[in-house]
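Keep in mind that what you see is a predicted model, and the values were worked out from it rather than measured. Note: hydrogens, waters and symmetry copies are ignored here, and every other heavy atom, side chains too, is used. For this chain, numbers begin at 1 and follow the sequence in order.
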Amino acid sequence: MKLIWIGAFVLLFASVASLVSNRQSGQLIEQSWASASNVLPDTELSDLRRAIPAYTARVSALLPDPFRQKFGDRMWQALELMILRALLLRHVTPVIVIALIAGLLEGSWARANQKALVKMHSPMRFSLALTSLGFIPVLASLWIAAPLAIPATLLVSTLGTVAISSTRSLIVHAPTQF
C-alpha cells in the first residue's frame, strides 16, 4: 500500500518537473482555456482570466529567490497552468460530491436489498474501495500537474465513475459486526 502512495507522489513530482521544463506550457494553457469554456460560463471565465495572474504572482513570490531566478519564465507559465486547473477543479467539485452521494445511496440500497446479510464481509474488496476513494485526490492532483492537455469533462467523468463505484463498494462490503 505504501508503495502505491510513494509511486503516486513520484509520478506527481515527475509531472510537475516535466511541466516546468516543457516549452509548450503556453499551448497547454490555451488548450485548457478552450476546454474550460465547455465547463464554465463566460462570466466565470472572465473572472478567472483576471484572477490567475494575481494568484500566480502570489505563489511565485512565496518561492525562494534562487529558485525563482533559476527557473523564471518556464516556471511562470507552468504555475499559471496549474493554478488554472486547480481553480477549474474547485468549480467542478460539486459534481464529484454529487457522484459520491449517488454512490452512497446506491450502496445503501444494494445493502438493504440483500436477501441474507452475510456475516463475513470481504476485507479485500472493502480495502480496495477505501484505497480507490483515497485515490481520487491523487488523480485530481495528477490532472493539475499533467504535462498534456486533458479536458475537464474527462476528469469529471473519470472521478465521478471512481467515486460512484468506490462508495458503493465501500458501503456494500463494509463489516457488519466489529
* To do: Tell me whether L11 is reachable from L159 by hopping between hydrophobic residues (I, L, V, M, F, W, Y) whose side-chain heavy atoms are closer than 4.5 Å.
  => yes
* Asked: Closest approach of S46 and T43, non-hydrogen atoms and distance?
  -> OG-O, 2.8 Å
* **Side-chain (R85) to main-chain (A146) donor-acceptor, under 3.5 angstrom** => yes
* CG of L100 to OG1 of T93: how many Å apart, nearest 0.5 Å? -> 10.5 Å
* Asked: Does the side chain of S60 reach to within under 4.5 Å of the side chain of L79, using non-hydrogen atoms?
  -> yes
* Asked: Centre of W33's six-membered ring, under 6.0 Å away, within 45 degrees of the axis: is that where NZ or CZ of R49 sits?
  -> yes
* Structure fact -> Nearest heavy-atom contact between L142 and A8 is CD2-O, 4.4 Å
* S132 (side chain) donor-acceptor with A129 (main chain) under 3.5 angstrom -> yes
* Structure fact -> Here the pair of heavy atoms bringing S166 nearest to L133 is CB-CG, 3.7 Å
* Minimum-distance pair of heavy atoms, taken over all atoms of L12 and S141 -> CD1-O, 3.4 Å
* **Inter-residue atom distance I144.CD1 - L139.CG, 0.5 Å rounding** => 11.5 Å
* Asked: Can you name the closest pair of heavy atoms from I171 and S108 and give their distance?
  -> CG2-N, 3.6 Å
* **Rounded distance [0.5 Å steps], OG in S127 versus NE2 in H173** => 12.0 Å
* To do: Would you check if the side chain of S157 reaches a backbone N or O of L154 as a donor-acceptor pair within less than 3.5 Å?
  => yes
* Stepwise side-chain contact (heavy atoms from CB on, under 4.5 Å) check, V92 with L88 -> CA-CA 6 Å; V92 298; L88 279 175; 5.8 Å; no
* Asked: H91 and L40: which non-hydrogen atoms are nearest, and at how many Å?
  -> CB-CD2, 3.6 Å
* **Single-linkage hydrophobic cluster, 4.5 Å side-chain cutoff, Y55 and L63 together** => yes
* Would you mind reporting whether M82 and V16 have side-chain heavy atoms less than 4.5 Å apart? => yes
* To do: Rounded to the nearest 0.5 Å, what's the gap from CG on L87 to CG on L48? Could you check?
  => 5.5 Å
* **Interatomic distance, I52 atom CD1 to E80 atom CD [nearest 0.5 angstrom]** => 7.0 Å
* To do: Output yes when a side-chain donor or acceptor of W143 lies under 3.5 Å from a complementary backbone atom of L155, and no otherwise.
  => no
* Is there a donor-acceptor pair closer than 3.5 Å between any side-chain N or O of T167 and the backbone N or O of I164? -> no
* To do: Consider only side-chain heavy atoms of I, L, V, M, F, W and Y, link residues closer than 4.5 Å, and tell whether L130 and L104 are in one cluster.
  => no
* Asked: What about L89 and L148, same hydrophobic cluster or not, with Ile/Leu/Val/Met/Phe/Trp/Tyr joined at side-chain heavy-atom distances under 4.5 Å?
  -> yes
* Give a yes or no on whether L28 and L45 share a hydrophobic cluster (residues Ile, Leu, Val, Met, Phe, Trp, Tyr; joining criterion: side-chain heavy atoms under 4.5 Å apart). => yes
